[in-house]
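In listed order, ligands and their atoms are each counted from 1. Heavy atoms only: backbone and side chains are in, while hydrogens, waters and symmetry mates are out.
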Amino acid sequence: MSLLDVLKTNSMVMIPERYKQIPEEKMIARIKEIKKEFGERLLIPGHHYQKDEVIQFADLTGDSLQLSQESAKNRKAEHIVFCGVHFMAETADMLTGDDQKVYLPDMRAGCSMADMADIQQTERAWEHLTSQFGDTIIPLTYVNSTAAIKAFVGKHGGATVTSSNAKEIVKWAFQQKQRILFLPDQHLGRNTAYDLGIPLDQMAVWNPISDELEYEGSKLMDLKVLLWKGHCSVHEKFTMKNIEHIRKTKPDMAILVHPECTHEVVIHSDFAGSTKYIIDKIENAPSGSQWAIGTEMNLVNRLIQQHPDKEIVSLNPFMCPCLTMNRIDLAHLLWSLEEIAENGAGVNQIKVPKEVTRDAVTALNRMLVVG
Ligand code: 13P
Ligand code: SF4
């Protein structure tokens, strides 16, 4: 379900005003108390982009791939309070048992990229593209997408991908069919395919607003990669100007970016890779090394704090955190936990319908097996 759908169905409950008055120490103490009381019956997964005030309570931290793998393994937690964004909580719900409940502390924690593709647009695009290319396309979707799109992909023989395994999954997809349709992030799709040796002129962009395929040069039948016209509004804020500035002012500084950045930024950087790749790269870097990082700001700030022996800056000095990830704060976490502790069930439960879950899990499992 997209954020817009959530708002339309009124399935969102807002935090009571009184939570805004509770002093921080009190919130911390109460969260600790509830975690102790519930033990393994409660699980708090936290994505690396979450704020420190939330991450301190996470039972497991990771990128989206690690969090889906760990959620799939956990059979003990009755309540899973997911500190991340909506599509991640949906994925956790689909990969856990029927007796395990998943909650999102603030329903406004969506992902602007996931909202750039809806199921109606996807069905229209598929009809159009298969009428042009016949049965030569396999659909792939970045996990940053709604459960309905994952289900669509599963039903049509495709798989989900994350930024950590995109290369393996795209390679696998080309063993199945001649062409891929990659949703919803054009940049991850383009950067991954380019990395695998596919030239830019064999890639086109599907515009879901005008229902048109945009491309230059190539003949239609030479196209191999059909990219959905979506992007991450956070990672698109890293620009060539930022790269030129670092090259001029800090010539010894290495530039390390996430593949959701534009192709231009990725090819002019020194290294590009997933959230986990970025963390590992910095952890394994020698003392005194210098890094300009192009990814979400909560993570960059955490890396700066954890590695005082290295010089780390954000590639864009005016960068701010992912605003939807930032919706989850101490007050929302406490509210979610107190509802569970006091009423036996939390608010804002994420429940994906069974028929959607079945096909979406097919797409997720193909990814978990291949990558
Ligand atoms: P990861 O797949 O690297 O966790 O990234 C998720 C995300 O939302 C990046 O913007
Ligand atoms: Fe979505 Fe971008 Fe935020 Fe990741 S950083 S959750 S892709 S808006």
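- No hydrogens or angles considered: nothing links the side chains of D195 and T192 as a donor-acceptor pair under 3.5 Å.
- Between R247 and D270 a salt bridge is recorded (basic side-chain N to carboxylate O distance below 4.0 Å).
- Checking each of F152, W228, W206 against W126 for a ring-ring contact (aromatic ring centres under 6.0 Å, His included) leaves exactly one that passes, namely F152.
- Each of the following atoms of ligand 1 lies closer than 4.0 Å to a heavy atom of H235: 10 (O).
- Listed by number with element, the atoms of ligand 1 under 4.0 Å from a non-hydrogen atom of Y49 are 7 (C), 9 (C), 10 (O).
- Remark: ligand 1 and T275 share an N or O pair separated by less than 3.5 Å (distance only, no angle test).
- At the shortest separation from atom 7 (S) of ligand 2 among protein heavy atoms lies N144 ND2, 3.2 Å.
- The pair D59-K35 counts as a salt bridge, with a side-chain nitrogen and a carboxylate oxygen less than 4.0 angstrom apart.
- Residue H47 places no heavy atom under 4.0 Å from ligand 2.
- Closest protein heavy atom to atom 3 (Fe) of ligand 2: C322 SG, 2.4 Å.
- The protein heavy-atom contact nearest to atom 1 (Fe) of ligand 2 is C111 SG, 2.4 Å.
- The protein heavy-atom contact nearest to atom 8 (S) of ligand 2 is S112 OG, 3.5 Å.
- Distances between N or O atoms of E260 and those of ligand 1 include at least one value under 3.5 Å.
- In summary, an N, O or S atom of C232 is located under 2.8 Å from atom 2 (Fe) of ligand 2.
- Geometrically, ligand 1 and S274 share no nitrogen or oxygen pair separated by less than 3.5 Å.
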